[in-house]
Visitor: 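Mind having a look at this structure? Questions to follow.
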There are 2 protein chains.
Amino acid sequence: MVTIGDVARVAGVSRSTASYALSGKRSISPEVREKVEEAVRNLGYTPNAGAKALATSQTKVLGLLARFLEDEFAPAMLQYILGVTNRAREAGYDTLLLTDEDGVAALKRISDSRMVDGFILLNVAENDDRLDILRSAAQPGSLVGLPGDPSGIDVFDLDFVAAGRLMVETLHELGHRSLILVSQPEHVLERGGAYVWRLANAAQQRAAELGIELHHHFGSSSQPEIGIELERLLDEHPSATGLLLNNEAAAAALPNVLHSRGLSAPADISVIGRYSDDFARTFSLPYSAIDSAADELGRRAVERLVSRIDGTADAETTVVDLLAPRIDDRGSTAVPPTRH
Amino acid sequence: MVTIGDVARVAGVSRSTASYALSGKRSISPEVREKVEEAVRNLGYTPNAGAKALATSQTKVLGLLARFLEDEFAPAMLQYILGVTNRAREAGYDTLLLTDEDGVAALKRISDSRMVDGFILLNVAENDDRLDILRSAAQPGSLVGLPGDPSGIDVFDLDFVAAGRLMVETLHELGHRSLILVSQPEHVLERGGAYVWRLANAAQQRAAELGIELHHHFGSSSQPEIGIELERLLDEHPSATGLLLNNEAAAAALPNVLHSRGLSAPADISVIGRYSDDFARTFSLPYSAIDSAADELGRRAVERLVSRIDGTADAETTVVDLLAPRIDDRGSTAVPPTRH
DNA sequence: CACTGTCGTCGAACCGGTTCGATTCGAACC
DNA sequence: GGTTCGAATCGAACCGGTTCGACGACAGTG
């Protein structure tokens with residue numbers, strides 16, 4: 001392979017001069033710089049990443065810890081992965097993808113071996129055991145997903161409290177007075193998906209404040225169970241005119257459920273979901289929904305992480321950046337039908 | 001950070017002895033080995049990856065080049081990514097995920113900087129411009145997806161020719177004499193997805209050999225267009241009793257199409273798809289289908305690549321490993337209905 | 001003209017590992 | 001008892017970069 005020594009020899013200068021000519025960290029005469037650059041071009045020189053890492057203590061690689069949970073909608077994760085990877089590349093970083101079952105071990109191993117300059121943790125749980133390791137790691141990290149105790153770490157997530165309120169308020173303003181909220185299964189909660197609680201509690205509280213009904217249900221995450229549950233919910237609460245879905249499987253099942261009952265949205269019932277844009281496209285779901293903003297969260301997490309690595313960011317203060325929810329209007333909400 | 005020098009000092013030996021004690025490449029007295037191991041434990045020593053890479057010319061990282069095409073079902077890609085990443089980890093390798101638009105540039109950059117020991121290329125096209133770079137790269141590579149000219153490189157893919165034949169034969173044996181095959185859109189072909197052709201041609205040829213009808217159609221890849229096309233196809237070919245789907249969007253749309261016509265599979269029509277197991281689960285699709293075997297292909301590609309890196313594999317011969325298709329029976333095929 | 005400062009370059013050291021002789025020592029062999 | 005051999009260890013060199021300190025040349029200053 002071609003080393004900086006080869007470049008130096010061809011350009012007729014010392015290795016250090018070649019290095020300075022390329023980095024620009026000391027002044028170099030125009031002639032020498034040109035000779036070095038020409039040698040680089042002719043030889044096709046690319047610095048050896050390992051050597052560079054050893055010398056500079058910077059690898060220009062970020063560690064991306066994905067956490068795949070059984071029976072979660074995996075494709076959603078892909079959006080986060082792509083968002084992070086693409087933004088990282090723009091900032092000059094490559095991405096080491098870690099999907100190890102044991103996230104703690106992976107984090108420790110990669111951190112100790114100095115393979116990366118920083119970490120992005122996806123799908124962070126309420127009580128995530130990776131956080132302690134991250135806090136004591138030599139590299140900084142950004143979280144995507146709000147844990148119970150985010151102290152000392154930068155966090156990026158959708159504002160699920162605001163999301164719960166927004167869903168309720170939107171339908172309340174249209175005149176709805178009885179709503180059904182379908183959340184993800186309780187076992188998602190047990191695994192630490194506290195965002196389900198945050199949204200549900202906020203929705204319930206807001207409904208109470210506004211003096212309207214909200215029936216909350218933890219739905220299944222698989223077909224056809226969730227479809228059957230939806231049928232039952234609609235039977236049990238015939239007066240409900242609005243349906244809030246914080247459950248991807250429920251959203252996917254709803255078209256058939258409505259169709260079989262001869263109902264349509266928004267004429268008979270208004271629907272607001274909470275799932276990614278991409279999910280909606282894949283399933284061609286016609287319901288207005290609060291986007292998960294995976295791409296945007298990934299971007300923000302990376303940008304913050306990079307500024308921390310560069311030392312640009314104030315090392316003392318940490319941010320908890322909760323993205324304001326926004327409803328992608330697909331026309332599935334309207335004033336409730338007038339009862340005969 | 002704690003270096004091997006620290007370990008050596010604490011154990012009271014030289015750096016080289018500490019290194020040999022840990023690698024086992026020279027004989028070391030039991031007492032010294034124990035002292036070194038104890039020092040490692042107490043200090044929490046982990047070798048510096050950059051230094052190791054520099055010294056050994058091995059990074060223990062594989063480059064994974066994903067190629068995302070617009071309007072392709074992205075989640076399918078996730079299965080490949082996970083298959084590769086998990087298998088790589090089992091073999092002691094981490095994975096650098098490269099999603100750059102410009103795959104050629106990414107490949108060149110990573111290869112030249114010696115960041116990885118080998119490459120896995122996903123979604124390889126018929127005439128893939130990354131292959132030339134890969135052939136001249138210092139590191140070996142494995143392809144997932146069969147290009148037109150695979151010479152000199154190991155390839156892993158589903159056997160789409162066999163898949164086309166299998167679909168036709170399966171329904172022929174049940175007594176079907178008129179089939180419809182829905183492929184992916186033609187522009188997938190233009191981008192190099194020749195597997196669509198391979199399957200369709202094989203199916204058509206096999207149908208001709210068996211003397212039965214096969215109506216071939218390039219379907220859209222988006223809703224609701226594909227649903228409308230399916231309706232039209234069923235109208236145009238009322239005698240068809242079998243439906244072969246090499247088009248994910250078509251498979252997703254089919255339940256509603258059949259439902260609206262009052263048809264059900266397999267009583268009225270037999271259906272065989274060609275999509276991943278995971279896709280079927282996500283959409284709760286009730287059709288028998290040939291699995292994409294993303295996980296298995298990823299595993300094989302990694303195993304071969306690792307043996308090539310290790311020098312275990314015969315460097316001269318390259319393999320083209322086409323996985324035999326298998327139908328996951330979900331009960332959507334039966335003898336055709338008897339005409340009244 | 002001597003002094004100071006800046007520019008441009010070089011050699012050497014360093015980052016943290018691995019690996020190649022060389023050396024010492026004790027046991028085995030003739 | 002001298003030779004040979006293998007085991008165990010050490011020091012030094014090397015991998016390919018970066019960076020520090022030194023130094024010569026040259027311009028500006030008093």
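Lettering of chains follows the sequences in order, A, B, ..., and the numbering in each one begins at 1. For clarity, every value in this text was computed on a predicted model and none was experimentally measured.
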Visitor: Rounded to whole angstroms, how far apart are CG on A:N48 and C1' on C:dC15?
Guide: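 The distance from CG of A:N48 to C1' of C:dC15 comes to 13 Å, rounded to the nearest Å.
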
Visitor: OP1 or OP2 of C:dT19 versus the side-chain N and O atoms of B:K25: is any pair under 4.0 Å?
Guide: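 For B:K25, the contact criterion (side-chain N or O under 4.0 Å from OP1 or OP2 of C:dT19) is met.
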
Visitor: Output the rounded distance in Å from CD1 (A:I4) to C1' (C:dC10).
Guide: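 Atom-to-atom, A:I4 to C:dC10, this comes out as 14 Å.
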
Visitor: Does a side-chain N-to-carboxylate-O contact under 4.0 Å join A:D295 and A:R87?
Guide: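 Looking at A:R87 together with A:D295, the answer is no, because their closest N to O distance does not fall below 4.0 Å.
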
Visitor: Hey, is the side chain of A:R26 pairing donor to acceptor with the base of C:dT9 inside 3.5 Å?
Guide: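 Under the 3.5 Å cut-off, the side chain and the base do form a donor-acceptor pair.
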
Visitor: Give a yes/no answer on whether the side chain of A:K52 brings an N or O atom under 4.0 Å of OP1 or OP2 in D:dG16.
Guide: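 No, A:K52 has no side-chain N/O under 4.0 Å of OP1/OP2 on D:dG16.
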
Visitor: Does the pair A:N86 and B:T99 meet the rule for a side chain to side chain donor-acceptor pair (under 3.5 Å), with working shown?
Guide: CA-CA 7 Å; A:N86 291 335; B:T99 59; 2.8 Å; yes

Visitor: How long is the line joining CD1 of B:I28 and C1' of D:dC10, in whole Å?
Guide: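 So the two atoms are 11 Å apart, to the nearest Å.
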
Visitor: Check if the side chain of A:Y20 and the base of C:dC7 share a donor-acceptor pair of N or O atoms closer than 3.5 Å.
Guide: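 There is none.
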
Visitor: May I have the distance from A:Q58 (atom CD) to C:dC14 (atom P), rounded to whole angstrom?
Guide: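 Atom-to-atom, A:Q58 to C:dC14, this comes out as 22 Å.
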
Visitor: To the nearest Å, give me how far apart CD (A:E31) and P (C:dC7) are.
Guide: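 Spelled out: CD on A:E31 to P on C:dC7 is 15 Å.
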
Visitor: Given the structure, check if the side chain of B:R15 and the base of D:dG11 hold any donor-acceptor pair shorter than 3.5 Å.
Guide: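 For B:R15, whose side chain was compared with the base of D:dG11, there is no donor-acceptor pair (under 3.5 Å).
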
Visitor: One pair to check against salt bridge (Lys or Arg N to Asp or Glu O under 4.0 Å): B:R109 and B:D100. What are the steps and the verdict?
Guide: CA-CA 11 Å; B:R109 181 171 61 84; B:D100 303 36; 3.7 Å; yes

Visitor: When we call it a touch if two heavy atoms are under 4.0 Å apart, what does B:S14 touch: a base, just sugar-phosphate, or nothing?
Guide: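 The residue B:S14 makes base contact.
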
Visitor: Scan every strand shown for a Watson-Crick or G-U wobble partner of C:dC30, both distances under 3.5 Å, and answer none if you come up empty.
Guide: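 By the stated definition (distances under 3.5 Å), D:dG1 pairs with C:dC30.
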
Visitor: Check B:D129 against B:I133 and note the closest heavy-atom contact, atom names and distance.
Guide: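 Of all heavy-atom pairs spanning B:D129 and B:I133, the closest is O-CG1, 4.2 Å.
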
Visitor: From the options C:dG17, D:dG16, D:dA8, select the nucleotide whose nearest atom is closest to the side chain of B:S29.
Guide: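 For B:S29, the side-chain atoms sit closest to D:dA8.
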
Visitor: Students often get this wrong, so: under 4.0 angstrom with heavy atoms, is B:T56 touching a base, only sugar-phosphate, or nothing?
Guide: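 Counting heavy atoms under 4.0 Å across all strands, the contact made by B:T56 is with sugar-phosphate only.
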
Visitor: Determine yes or no for a side-chain-to-main-chain donor-acceptor pair under 3.5 angstrom, with B:Q139 supplying the side chain and B:S111 the backbone.
Guide: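 Yes, the answer is positive, given that a donor and an acceptor are paired below the 3.5 Å cut-off.
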
Visitor: Are any of A:Y45's side-chain N or O atoms less than 4.0 Å away from OP1 or OP2 of D:dG16?
Guide: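 Answer is no, no contact under 4.0 Å.
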
Visitor: What pair of heavy atoms forms the shortest contact from B:P150 to B:V320, and how long is it?
Guide: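 Minimum heavy-atom separation between B:P150 and B:V320: CG-CG2, 4.4 Å.
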
Visitor: For D:dT19 and A:S19 - does any side-chain N or O of the residue sit under 4.0 Å from the phosphate oxygens OP1/OP2?
Guide: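 No, outside the criterion.
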
Visitor: At under 4.0 Å, does any side-chain N or O of B:S27 touch on OP1 or OP2 of D:dA8?
Guide: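 For D:dA8, OP1 or OP2 has a side-chain N or O of B:S27 closer than 4.0 Å.
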
Visitor: Does C:dC10 have its OP1 or OP2 closer than 4.0 Å to a side-chain nitrogen or oxygen of A:T17?
Guide: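 Affirmative; the distance criterion is met.
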
Visitor: Between B:L54 (CG) and C:dC14 (C1'), how many Å, whole number?
Guide: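 Spelled out: CG on B:L54 to C1' on C:dC14 is 12 Å.
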
Visitor: Across the strands shown, which category fits B:S16 at heavy-atom distances under 4.0 angstrom: base, sugar-phosphate, nothing?
Guide: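 The answer is base, as B:S16 lies within the cut-off (heavy atoms under 4.0 Å) of a base atom.
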
Visitor: Check the distance between D:dA8's P and B:R33's CZ and give it to me in whole angstrom.
Guide: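 One finds 9 Å between P of D:dA8 and CZ of B:R33, rounded.
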
Visitor: Take atom CG of B:D6 and atom C1' of C:dG16, then tell me their distance rounded to the nearest Å.
Guide: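 Going from CG in B:D6 over to C1' in C:dG16 covers 10 Å.
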
